[in-house]
Asker: 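First the structure, then my questions, so here it is.
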Amino acid sequence: MVCNFLLIMFSILFVKADYRVGIGIGDITGPIVEINFLGYANPSQKGSGLHLRQYARSYIIEKKPNRIVFVSIDTAMVGFALRIKVLDELKTLYGNTYNEQNLILSATHTHSTPGGYMQDVIYDISTAGFVTDVFTALKEGIVKAITMAHNSMENAKIYFNSGTLLHANINRSPWAYLLNPDEERKKYLYDVDKEMVQLKFVATSSNKLLGVINWFPVHPTSMNSTNTLVSTDNVGYASIKLEQHFNEGALIGKGPFVASFASTNLGDVSPNIKGPHCIDTGVPCKDVTSTCNGETQQCRATGPGKDMYQSTEMIGTRLYTKALNMLQNKNDREVNGAIKIGHQYINMAEQVIKYTLPNGTVVQGRGCVPALGYSFAAGTTDGPGAFSFQQGTTSNNTFWSVMHKLAAAPTVEDIICQSPKPILFNTGRANFPYRWQPSSVSIQVAVLGNIVLAAVPSEFTTMSGRRLKETLKNVLLENGCLNNCEIIVAGLCNSYSSYVATYEEYQMQRYEGASTLYGPHTLAIYQDKFQDLLTSLLKNQEFNKGVPPKLVSDVYLWSFTLPVVFDIDLFNNFGDCLTQPLSIVSRGTLVKATFVSANPRTGNLRNYNLLEIQMLIKNAWKTVATEADWETTYEWKRTGFASSQATVTWFVNINVPTGQYRIGHYGYYKPLFGHIQPFNGFSDRFTVV
Ligand SMILES: *[C@@H]1O[C@H](CO)[C@@H](O)[C@H](O)[C@H]1NC(C)=O
Ligand SMILES: *[C@@H]1O[C@H](CO)[C@@H](O)[C@H](O)[C@H]1NC(C)=O
Ligand SMILES: *[C@@H]1O[C@H](CO)[C@@H](O)[C@H](O)[C@H]1NC(C)=O
């Protein structure tokens, strides 16, 4: 009897014991001007300022003896090098607490942030090689977010929730999706997932909401390739809106509550829900080829707003509203159970596989060395002509002609392996000046009670994600999970290897198929490997950790980004306000001021505000908004060889309190001789009515 009682007490105390959770946020904003954005990889999309700051949002979950670290990062993708260098820093700080096995770095996949940090030639091409400052900003901000989470660990409860969100995403390759068998498609209502999945963290002692991670499949491509202001796009906007809701009065990025909208199986999923139309005529594009009069350039998907800003705002608001709704209605369920996590490097080109397609046909084959097909160059309807490759004009593009010659020729074996993909760039055999695309990928599985997080290193299409989820769900069920067993696909984690389309979708060779690097069986290999890894974790078996890929030595990294030479203005002081705002400003209108400025690549942007909207309260200026706010923009332009100006805009919302305001601009300039110096300047005061 007593023994039984003790046993029950024991189970209550230990089995039901809370998790320990720590949450943190770190600014990762790096150079905001003169560096090309990564995503559309359009050489004319070069940073010229900032709309929204970039952040890394970190969540540490512990149940002894294990820890999981999940970081959602406002950037296009994550590469091996970044993860390895972050781990190096964490090792100096915390020994072996954080390691290759338990750190998950997931990119949101915004297409409006600077690139040049990948160390694979093909992904660093549009930035003219490696950009140290971008890499450093990411690394430091991520480590800062993890440090903050590490220092804030407390007992907490975790809740799982899911809900349906319509009118926020569409399939951008619906014709490829249709190649998946009928009986499989019939299991789903839509050709993209409409579920938002949520993990929320609540402090045990105070019952305070600490943070939340939301997963909803959508490309952060509401801002299109003409945008040159750093932006975290629809998901980044949803994050700051949700954070502002719970962090009342705090400046963005400074409050305790942290909200992520992390990536998942977004491969073929677009936010441009009005769908693809020809920009000249307005008629829908030709279906399978997504062309207008034979050209991809004319075919663009847009919507739901009248321009890209409004579309970003609308999609972001829909994500935010849904997440808030799910946080507020209490139909979530508490997560219980042990945590486990494991990571493996897989050399895709070494894998052989035999499996059954959903229609019953047995296929076998192998993983190929990576290669990109022709449709890769045509881009998508979210960003046609990605990599500046316009259909039919390849031989006119000197840059790509040179690249094409540098890329190794495919072997007969490669051609057969990748078939029916016509190989444009045989990146897997190209090694000049170093690796073009990795043959190795990173896979990782985290188990949180009945919930499994599959961290995939690429952009899985809708059906690829569903198949992986189904495979892993079966593993859970076979291993004793009884109810509420959930699989979450975490997208773009730890390394990047473009897309994963299903075998059937691959046959059509649209953009996603052409960018499925390791051939038609890529997905099947992932399903197989993830299944093995999850099984090993659940059965507490050892597994092969694989071989980490080689990093390129800093010495060999190609980099053609020039440093800032110096800043000078012969007629004015830095920070002088050249164009003043109107003295009386109505709410619902835009305020604008122009300042004498310096190159914002000088100085560490993560340590100061570029602009501040200040309100006069009891004779003191209080900062009420910065460049991180949606309502402000910061644009920088050269006015001479070393002189420049910054233009600040502030959209004065209807709900802004009336009163006296001014705009401040801060920066650093690099004199011809001597040290870097800070400067600031303010506009005249103006009245908001
Ligand atoms: C991007 O959006 C703007 C509207 O905000 C539009 O004028 C432009 O044509 C779009 N460009 C592309 C490449 O989609
Ligand atoms: C270059 O482009 C022009 C127009 O885009 C085209 O008429 C011409 O044939 C192209 N030249 C080659 C060598 O393809
Ligand atoms: C099953 O699907 C594959 C790929 O789409 C196709 O090649 C094969 O013919 C299909 N088999 C049957 C029996 O329909």
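When a ligand or atom number is given, it counts from 1 through the structure's own listing order.
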Asker: Test C278 against C285 for disulfide bond (SG atoms under 2.5 Å apart), laying out the working first.
Answerer: CA-CA 6 Å; C278 301; C285 313; 4.3 Å; no
Asker: Where is the nearest protein heavy atom to atom 7 (O) of ligand 3: which residue, which atom, and how far?
Answerer: Y503 CE2, 4.9 Å
Asker: Does this structure show an ion pair linking D193 with K469, if we count only N-O contacts that are shorter than 4.0 Å?
Answerer: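 Between K469 and D193 there is a salt bridge, with a charged N closer than 4.0 Å to a carboxylate O.
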Asker: With a distance cut-off below 6.0 Å to the six-membered ring centre and an angular limit of 45° from the axis, does K194 pair with Y190 as a cation-pi contact?
Answerer: yes
Asker: Have a look at ligand 3 and work out which part of L357, if any, has a heavy atom under 4.0 Å from it: side chain, backbone, both or neither.
Answerer: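 The part of L357 near ligand 3 is the side chain, not the backbone.
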Asker: Heavy-atom contacts with M308 under 4.0 Å: which atoms of ligand 1 show up? List them by number with element.
Answerer: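 Every atom of ligand 1 under 4.0 Å from some heavy atom of M308: 4 (C), 5 (O).
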Asker: Considering N224, D307, N272, which one's heavy-atom position lies nearest to atom 6 (C) of ligand 1?
Answerer: N224
Asker: Looking at E184 and R467, is there a salt bridge between them, counting it only when a charged N and a carboxylate O are closer than 4.0 Å?
Answerer: yes
Asker: Nearest non-hydrogen atom to atom 1 (C) of ligand 3 belongs to which of N180, T502, T361, N359?
Answerer: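 Looking at heavy atoms only, the winner is N359.
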Asker: Sulfur to sulfur, is the gap between C417 and C368 shorter than 2.5 Å?
Answerer: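 Cystine link detected, SG atoms below the 2.5 Å cut.
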Asker: Return a yes/no value: protein heavy atom under 4.0 Å from atom 9 (O) of ligand 3?
Answerer: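 Protein heavy atoms within 4.0 Å of atom 9 (O) of ligand 3 - there are none.
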Asker: Does R638 come within less than 4.0 Å of E34, counting only side-chain N to carboxylate O?
Answerer: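 Salt bridge flag = yes for E34 with R638.
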Asker: Of the protein's non-hydrogen atoms, which lies at the shortest distance from atom 5 (O) of ligand 3, and what is that distance?
Answerer: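 The closest heavy atom on the protein side is E504 CG, 3.5 Å.
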